[in-house]
Amino acid sequence: VGRAVLAALLTADRTDQHPGSAAAAPAVHVLYGAGRRGPAASNPRLQLHAVDFAALPALPPVDDVYIALGTTIAAAGSQQVFRAVDHGAVLATAQAARAAGATRCGVVSAMGADPASRIFYNRVKGEVERDLRNLGFEVLVIARPALLMGDRQALQQAHRPAESLSMGLFRWLNPLVPHNYRARPASDVGQALVRAVQTAPPGVHVLCGRALGPQR
């Protein structure tokens, strides 16, 4: 999803958002974990920052923040490490962006997010959504996809056999599955998130189902 968000931001025409404006297209700052591979995209607007999400530096002035951080309990190795990423790093990024002037935030969560859930994964997602709501963003857009479809090998992510099996089944069953639970291409989710952050009226907006598909 992060790659799709980045692509959408780098190809956006600023004049589409501000007709008649001669202002240059804004810089796009990307935060990624120190020691990890940064985005391969090359663009004069792109500025990369390798950071420690547990001790973020002050960010440059920003208008919008998009957060697509996330891991799995299997990859993290423990619930504690999972929470450090999916709650701690997400919230720290939003707080740093808010302090840098961001008024609009888009974040990737998950279907079933609920701070009162008995399921640990869903509970952490719900808790971070709750805490993001309290940061005072003018616009907060929360994307809640079910299963995400994408090329994990291109990102050098670990193979997930169970997820691969689910993906194959979902491709066949998708037309029969209720919209909220359909597998969604990560590219569609990223584009929908950017579109909503840039056009939604003030308030909190949750995207799921058809709202995460291509614009018609």
Does [X] belong to the same Ile/Leu/Val/Met/Phe/Trp/Tyr cluster as [Y], with side-chain heavy atoms less than 4.5 Å apart forming each link?
X: Val5; Y: Leu207; answer: yes
X: Val194; Y: Val107; answer: no
X: Leu91; Y: Ile67; answer: yes
X: Val81; Y: Val124; answer: no
X: Leu148; Y: Leu6; answer: yes

Q: With the side chain counted from C-beta on, respond yes when Leu59 and Val65 share a heavy-atom pair under 4.5 Å apart, and no when they do not.
A: no
For [X] against [Y], the heavy-atom pair lying closest together:
X: Ala34; Y: Ala50; value: CA-CB, 4.1 Å
X: Ile73; Y: Phe120; value: CD1-CD2, 3.6 Å
X: Pro115; Y: Arg123; value: O-CG, 3.3 Å
X: Ala4; Y: Gly190; value: CB-CA, 3.9 Å
X: Ala143; Y: Val189; value: CB-CG1, 4.2 Å

Can you tell me how far [atom2] of [Y] sits from [atom1] of [X], rounded to the nearest 0.5 angstrom?
X: His205; Y: Thr199; atom1: NE2; atom2: OG1; value: 8.5 Å
X: Asp188; Y: Arg195; atom1: CG; atom2: CZ; value: 8.5 Å
X: Asp64; Y: Thr103; atom1: CG; atom2: OG1; value: 6.5 Å
X: Leu9; Y: Leu46; atom1: CG; atom2: CG; value: 10.0 Å
X: Gln198; Y: Leu193; atom1: CD; atom2: CG; value: 10.0 Å

Partner set under ring-ring contact (aromatic ring centres under 6.0 Å, His included) for [X], not counting sequence neighbours:
X: His49; result: His29
X: Phe53; result: none
X: Tyr32; result: none

Q: Using atom types as modelled and distance alone, determine if a side-chain donor or acceptor of Asp86 lies under 3.5 Å from a backbone N or O of Thr71.
A: yes
Q | side chain to side chain contact (heavy atoms under 4.5 Å, CB included) partners of Ala84, counting only residues at least two apart | A | none
Q. How would you list all residue pairs meeting salt bridge (Lys or Arg N to Asp or Glu O under 4.0 Å) that involve residues 41-60, not counting sequence neighbours?
A. none
Distance-only criterion, 3.5 Å: show the donor-acceptor pairs between side-chain atoms of residues 126-141 and protein atoms not counting sequence neighbours.
from: Glu127; atom 1: OE1; to: Arg83; atom 2: NH1; distance (Å): 2.6
from: Glu127; atom 1: OE1; to: Arg83; atom 2: NH2; distance (Å): 3.4
from: Glu129; atom 1: OE1; to: Arg144; atom 2: NE; distance (Å): 3.4
from: Glu129; atom 1: OE1; to: Arg144; atom 2: NH2; distance (Å): 2.7
from: Glu129; atom 1: OE2; to: Ser109; atom 2: OG; distance (Å): 2.6
from: Glu129; atom 1: OE2; to: Arg144; atom 2: NE; distance (Å): 3.1
from: Asp131; atom 1: OD2; to: His87; atom 2: NE2; distance (Å): 2.7
from: Asn134; atom 1: ND2; to: Arg130; atom 2: O; distance (Å): 3.4

